[in-house]
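Counting starts at 1 for both ligands and their atoms, in listed order.
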Amino acid sequence: MKLEAEALKTRRIVLGVTGGIAAYKSAILVRRLKDFGFDVRVVMTEGALAFITPLTFQALSGNPVHTALLDPEAEAGMGHIELARWADLLLIAPASCDTLAKFANGLADDLLSTLYLATKAPVWVAPAMNQQMWAAKSTQRNLTTLVQDGVHVVMPEAGEQACGDVGLGRLAEPEDIAQWVNDFFAQAEREISEKFGLLAGQHVVITAGPTRELIDPVRYISNHSTGKMGFAIAEACYAAGADVTLISGPVSLDTPNGVRRIKVQSAQEMLKHSMQLVENGTDVFIATAAVADYRVAQVAEHKIKKAGDELQVALVKNPDIVATIAQLDKRPFTVGFAAETQNVEDYAQGKLTAKKLDMIACNDVSRADIGFASDENAMVVFFAEQYQMQKQELEKASKHEIAKQLVEAIAKALDKHVPVS
Ligand code: C5P
């Protein structure tokens, strides 16, 4: 099968459109596939040409449309064998009864059936036909053969049909087909990164977001952290093949795909979960959370009533989570963050030593264009002395790009990490 690391970068789909009223839905499918970042080339059978024009698909896909097996002009542009090799995935939607029969029996009398035989790419078919034709023994027999041959089938849906019948045979929704195809690529991508990714085999724990320290049942102390950097790092670690757990304070971000998330409120809760995970085996601990330095000494049991002109609330220091982890026996590779407004590099290096970190990434939050709520960041990374690694400057870029570069820096240093026992 062709879906390998290189193919995943190109995300090329040959979409075969066959003759059936559902062919109009293929136009929407092309749009959705393009939204997912796929490069789409459309192949139309003669039957499809009766329902929709090649011009529609050419405009939507941004690529020439292929219609004939032996068209000298098309063959000069991209021959059918070349097209078969170009595809990372061959998707037929709608797949007519006739096309399923051709595929199941090895016929190669038009461009699409020839491509099916000539490609190494995984093949997906989304059948659409009259409910009686779908139920026909020969159709079901052909489908069984195709499934046995490794073809993925997107089952048709039940409902009212263009011909007036009611039953199974309507093309699955284009949005769903595009989503399944994208998930298929994502799954293949994950399998590859789990084997070859920079953090393959590593369990990474990341703290993110603010903490919330209760004053009474309705009030709390917190900060403006949005969690964006930590979530972007979680995503980048997962993409690099790691098994990722994100311990997050209250933020309004969706959990990145594939990442395990533990939702916490206070610093003490964040520490408890961090300790548990590290004790159970963590290779890399990344502390991006903006942990409240202090919490209220005595949380009021009931809402504090408005009284005099002043209110005194005693605060006590919160535990330093990253420093606590870094001091453990068998500590993971520990990464801290420093957000400073002045003497950024000096303070960061001070923290690297004081908290016994392996690596620290610091940024200047006095710069209005980066930091807290921004989608961009710029950082300087320092490593503990024993790594003998130069400081690394990460130029202003999206938090996703910075996260990728941080993962590369972690992976490089991780090679030299010796857990203290
Ligand atoms: O000391 P400071 O708060 O500037 O240190 C920042 C680094 O320490 C960050 O990595 C932050 O997540 C971590 N930290 C922590 N627990 C605290 C305070 C900070 O883990 N109580």
**Prompt:** For the residue pair His152 and Trp124, does the interplanar ring angle fall in the parallel (under 30°), tilted (30 to 60°) or perpendicular (over 60°) class?
**Reply:**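 The rings of His152 and Trp124 lie parallel, inter-plane angle below 30°.
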
Would you call the rings of Phe333 and Tyr387 parallel, tilted or perpendicular if under 30° counts as parallel and over 60° as perpendicular?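 Judged by the thresholds at 30° and 60°, the geometry between Phe333 and Tyr387 is perpendicular.
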
* Taking non-hydrogen atoms only, is Ile321 closer than 4.0 angstrom to ligand 1 via side chain, backbone, both or neither? ->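 Both the backbone and the side chain of Ile321 come within reach of ligand 1.
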
**Study point:** Taking every non-hydrogen atom, the tightest pair across Met359 and Phe383
**Key:**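 In this case the closest contact between Met359 and Phe383 is SD-CE2, 3.7 Å.
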
Geometry only, no angles: is [X] polar-contacting ligand 1 at N/O separations under 3.5 Å?
X	result
Lys351	yes
Lys355	yes
Pro319	yes
Gly336	no

| task | Could you tell me whether ligand 1 has any atom less than 4.0 Å away from a heavy atom of Asp320? | result |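 Contact present.
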
Atom 13 (C) of ligand 1: nearest protein contact (heavy atom, Å)
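Of the protein heavy atoms, Val322 CG1, 3.6 Å lies nearest.
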
Which protein heavy atom lies closest to atom 17 (C) of ligand 1, and at what distance to 0.1 Å?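 Looking at atom 17 (C) of ligand 1, the protein heavy atom closest to it is Val291 CB, 3.5 Å.
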
Does the distance from a Lys or Arg side-chain N to an Asp or Glu carboxylate O, for Lys404 and Glu408, drop under 4.0 Å?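 Salt bridge absent between Lys404 and Glu408.
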
Given Phe38 and Phe185, is the ring pair (Phe, Tyr, Trp, His ring centres under 6.0 Å) satisfied, shown in steps?
CA-CA 10 Å; Phe38 290 107; Phe185 270 75; 4.9 Å; yes

**Q.** Winner among Ala292, Ala289, Gly350 once heavy atoms are compared against atom 11 (C) of ligand 1
**A.**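 Comparing heavy atoms across Ala292, Ala289, Gly350, the nearest one to atom 11 (C) of ligand 1 lies in Ala289.
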
Problem - Best match, Tyr294, Tyr347, Phe285, Phe337: closest heavy atom to atom 6 (C) of ligand 1 - result: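 Among Tyr294, Tyr347, Phe285, Phe337, the closest heavy atom to atom 6 (C) of ligand 1 comes from Phe337.
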
Pick one: which of Asp283, Asn280, Thr245 meets side-chain hydrogen bond (donor to acceptor under 3.5 Å, both in side chains) with His203?
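The passing option is Thr245.
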
*Do any N or O atoms from the side chain of Thr119 and from the backbone of Tyr116 form a donor-acceptor pair under 3.5 angstrom?*
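Pair absent, no side-chain N/O of Thr119 close to backbone of Tyr116.
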
